[in-house]
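Here is the naming used below: chain letters follow the sequence lines, and residue numbers restart at 1 for every chain.
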Number of protein chains: 2
Amino acid sequence: MTDITTVAVLGTGVLGSQIAFQTAYSGFAVTAYDISDDALAAARERFARLAATYRAEVPGAAEDGKADLALMRLTLTTDLSVAAQADLVIEAVPEVLDLKRDVYIKLGELAPEKTIFATNSSTLLPSDMVEFTGRPDRFLALHFANRVWKFNTAEVMGTTHTDPAVFATVQEFATEIGMVPIAIHKEKAGYVLNSLLVPLLNAGMGLAAGGYASVEDIDKTWRIATGAPLGPLQILDVIGLTTPYNILTHSSTGDEKLATWLKETYIDQGKLGVATGEGFYKYA
Amino acid sequence: MTDITTVAVLGTGVLGSQIAFQTAYSGFAVTAYDISDDALAAARERFARLAATYRAEVPGAAEDGKADLALMRLTLTTDLSVAAQADLVIEAVPEVLDLKRDVYIKLGELAPEKTIFATNSSTLLPSDMVEFTGRPDRFLALHFANRVWKFNTAEVMGTTHTDPAVFATVQEFATEIGMVPIAIHKEKAGYVLNSLLVPLLNAGMGLAAGGYASVEDIDKTWRIATGAPLGPLQILDVIGLTTPYNILTHSSTGDEKLATWLKETYIDQGKLGVATGEGFYKYA
C-alpha cells in the first residue's frame with residue numbers, strides 16, 4: 001500500500017475524465033478539477049457515460065454496483081486549492097505549455113509539500129515542466145492510454161530529479177488502480193508505446209500513400225503475420241486521423257509529404273476515422 | 001482455376017521446402033530441385049519433419065492422411081531440366097545475386113516459353129533479376145513467410161514488365177495453395193510485411209538498447225495496447241537475431257549503433273533467440 005489515499009485530476013477532457021473515473025472506481029476519493037462550471041457540466045456527462053461504458057464492458061461494474069460507487073467517490077470543483085489538497089495530483093490539462101506552466105505554478109503554491117504531481121502529457125516531457133512545479137523530486141509523468149479500462153498501461157517516467165521512492169510509489173499506485181505500470185528509466189518522447197506505435201503507423205500510411213498495396217491488404221498482411229487483431233490502418237481509424245496528422249506535421253519526427261496525403265485524401269473529406277463513420281474504412 | 005498443374009521449387013532450404021510441401025499438400029505435383037544428392041538427402045529429412053509438423057498443427061493433416069499424400073506428390077531432383085518442365089517455377093535459392101543469375105540463365109534456356117518464373121527472394125527485387133530470365137513478362141516475385149502453413153501471406157510483386165494476366169494467375173495460384181495473396185502494385189524493398197515489421201522491431205530494439213525500459217515492459221506495453229500476442233522483442237526471438245542483425249548492417253536501411261549493440265549483447269553470447277534457447281528471453 002502507498003500513502004496515497006486521495007487523488008485529484010486536473011482537467012476533465014477525454015483522458016482526464018477516464019483517469020478520474022478509473023481511480024474512483026478503484027476505491028479512491030477523487031477530486032476532478034476543471035476551469036469553469038460549463039466544463040464541470042460537461043464532465044458530469046462524461047462521468048455518466050463512463051459509468052454506462054463500465055457497466056457494459058467491465059466485468060463486475062454492473063452487478064456489484066461498482067460503477068455507481070465510483071460516481072459517488074467523485075467530487076467536482078473549479079477551486080484549484082481544493083484539488084491541491086490531494087496526496088497525488090494528476091495533471092491532464094490541454095497540451096499547451098503555457099497552460100501547464102500556469103497550472104503548475106499555482107498548484108505548487110497551494111499544495112502541501114508532500115503532494116506528488118504527475119503529468120499525463122503525451123507530447124511534452126516532464127523536464128519541460130519540472131521547473132514550474134516547485135518540487136522536482138516529487139514530480140514525474142504518469143501516462144495513460146485512451147480507454148484506460150481496456151488499454152491499461154500506465155507509463156511512469158521521471159526526470160533526473162525525481163526521487164526514486166516517489167517513482168516507486170507512483171508505480172504502486174498505478175497497480176492499485178488496475179493499471180500495468182511500465183517503468184521508463186530515462187526520458188523519452190513518445191514514452192514506450194508511441195515510440196513503438198508511430199513507426200508502424202507511419203509505415204502503414206507510407207505503403208498506402210505510395211500506392212504499393214490496398215488498405216485492406218496492408219492490414220491483412222499485418223494481422224496474418226503477427227496475430228494482432230488490427231492492422232495499422234485499422235488502428236489509425238480507431239485513434240482518429242487528426243492525431244497522426246499532428247504527429248506528421250511535428251517538425252522533429254514529421255513527414256510533410258505523408259501529412260499532406262493524409263490531409264488531402266482523408267481529413268479534408270471529413271474522413272477522420274471510426275468517430276466520423278469513415279476513415280481508411282467505412283463504418284456502419 | 002489457373003492453367004498451373006505442375007510446380008517446381010528451386011532450393012530446398014527452410015522456406016523452399018515449406019513452399020514445396022505446402023504446394024504438394026494442396027494437391028499439386030511438385031518437383032523439388034537442389035544442387036546435390038547431399039542437399040536432396042537433407043531435403044528428404046525436411047519434408048519428413050514438415051509432414052510431422054502438419055500432422056500436429058494443421059487440421060485434417062493427420063486424420064485424412066493428407067500429409068502422406070503430400071509426400072507422395074513430391075519428386076526430388078538435381079536435374080534442372082526436369083524442374084524446368086513445370087508450369088510454374090518458384091525460385092528459393094540462397095540470397096546471392098550471382099547464384100540467382102546462374103540459375104535464371106540456365107532455367108530460361110531449359111524451360112518452355114509459357115513457364116512462369118517466381119522468385120521468393122526477400123532481399124532482392126524482381127527487377128534485380130528480370131534481365132536473366134529471358135521472359136520479363138512471365139516473371140515476378142511470390143514471397144512467402146516462414147511457417148507457411150500458419151503465416152500464410154503470399155506477397156505478389158511484379159516488375160513494370162510483368163504481364164497483368166500472369167500477375168493474376170499467380171495470385172490465383174497462391175489462393176489455390178491456401179495462401180492469402182497480397183498484391184503489391186509497385187516494387188518495394190521489404191514488400192508489405194517487412195516494410196511494416198522492420199520499423200516496429202527496430203523501435204523495440206532501440207528502446208531496449210537505449211536503456212529506456214526493460215525487455216519485458218516493452219513487450220508488455222505492445223501486447224496491452226494492440227492486443228497482439230507477441231511484443232517486438234518476442235517476435236525477434238522467434239525470427240532469430242541474425243536476420244535483424246543483417247538488416248541493421250545493410251547500408252541503406254541500417255543502424256550501425258543498434259547493430260553493434262545487438263551483436264555484442266546477444267549474438268556474440270550465442271543468444272540468437274528461441275532456436276538457441278535464449279535471446280531477449282530464456283526458453284526452456
Side chain, backbone, both or neither of [X] within contact of chain B (heavy atoms, under 4.5 Å):
X	answer
A:I182	both
A:L201	neither
A:A145	neither
A:E216	neither
A:V180	side chain

(request) Check the pair B:E95 / B:S121 against side-chain hydrogen bond (donor to acceptor under 3.5 Å, both in side chains), numbers first and verdict last. (result) CA-CA 7 Å; B:E95 296 281 68; B:S121 180; 3.0 Å; yes
(request) Under 4.5 Å, counting heavy-atom pairs only, tell me which of A:G210, A:P229, A:S214 racks up the most with chain B. (result)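 Result: the option with the highest number of such pairs is A:P229.
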(message) Looking at chain B, which one of A:V238, A:T226, A:D217 has the largest number of heavy-atom pairs inside 4.5 Å, strictly under?
(response)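 Highest number of heavy-atom pairs under 4.5 Å: A:D217.
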(request) Please state whether the side chain, the backbone, both or neither of B:L196 comes within less than 4.5 Å of a heavy atom of chain A. (result)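 Both parts, heavy atoms under 4.5 Å.
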(request) Ignoring hydrogens and angles, tell me if any N or O in the side chain of B:T162 forms a donor-acceptor pair with the backbone of B:D137 under 3.5 Å. (result)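 The answer is no, because no donor-acceptor pair under 3.5 Å joins these two groups.
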(message) Could you check whether any side-chain N or O of B:Q18 sits under 3.5 Å from a backbone N or O of B:V148, counting only pairs where one atom can act as donor and the other as acceptor?
(response)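 Between the backbone of B:V148 and the side chain of B:Q18 there is a qualifying donor-acceptor contact (under 3.5 Å).
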(request) Between chain A and each of B:T153, B:I184, B:L200, B:L207, count heavy-atom pairs under 4.5 Å; write down the option with the most. (result)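 Top option by heavy-atom pairs under 4.5 Å: B:L207.
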(message) Under a 4.5 Å cutoff for heavy-atom pairs, which residue among B:G211, B:G206, B:P232 has the most contacts with chain A?
(response)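 Option with the greatest count: B:G211.
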(request) Please test B:N202 against B:D255 for side-chain contact (heavy atoms from CB on, under 4.5 Å), starting from the C-alpha separation and ending with a verdict. (result) CA-CA 9 Å; B:N202 286 355; B:D255 181 331; 5.8 Å; no
(message) A:F117 vs A:E91, test: side-chain contact (heavy atoms from CB on, under 4.5 Å). Steps then yes/no.
(response) CA-CA 7 Å; A:F117 296 172; A:E91 171 269 306; over 6 Å; no
(message) For A:W149 and A:Y54, take the angle between the two ring planes, folded into 0 to 90°, and tell me which bin it lands in: parallel under 30, tilted 30 to 60, perpendicular over 60.
(response)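 Taking A:Y54 first and then A:W149, their aromatic rings sit tilted (interplane angle of 30° to 60°).
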(message) Can you tell me if A:K186 has over 12 outside heavy atoms packed within less than 6.0 Å of its NZ?
(response)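 Correct, the count exceeds 12.
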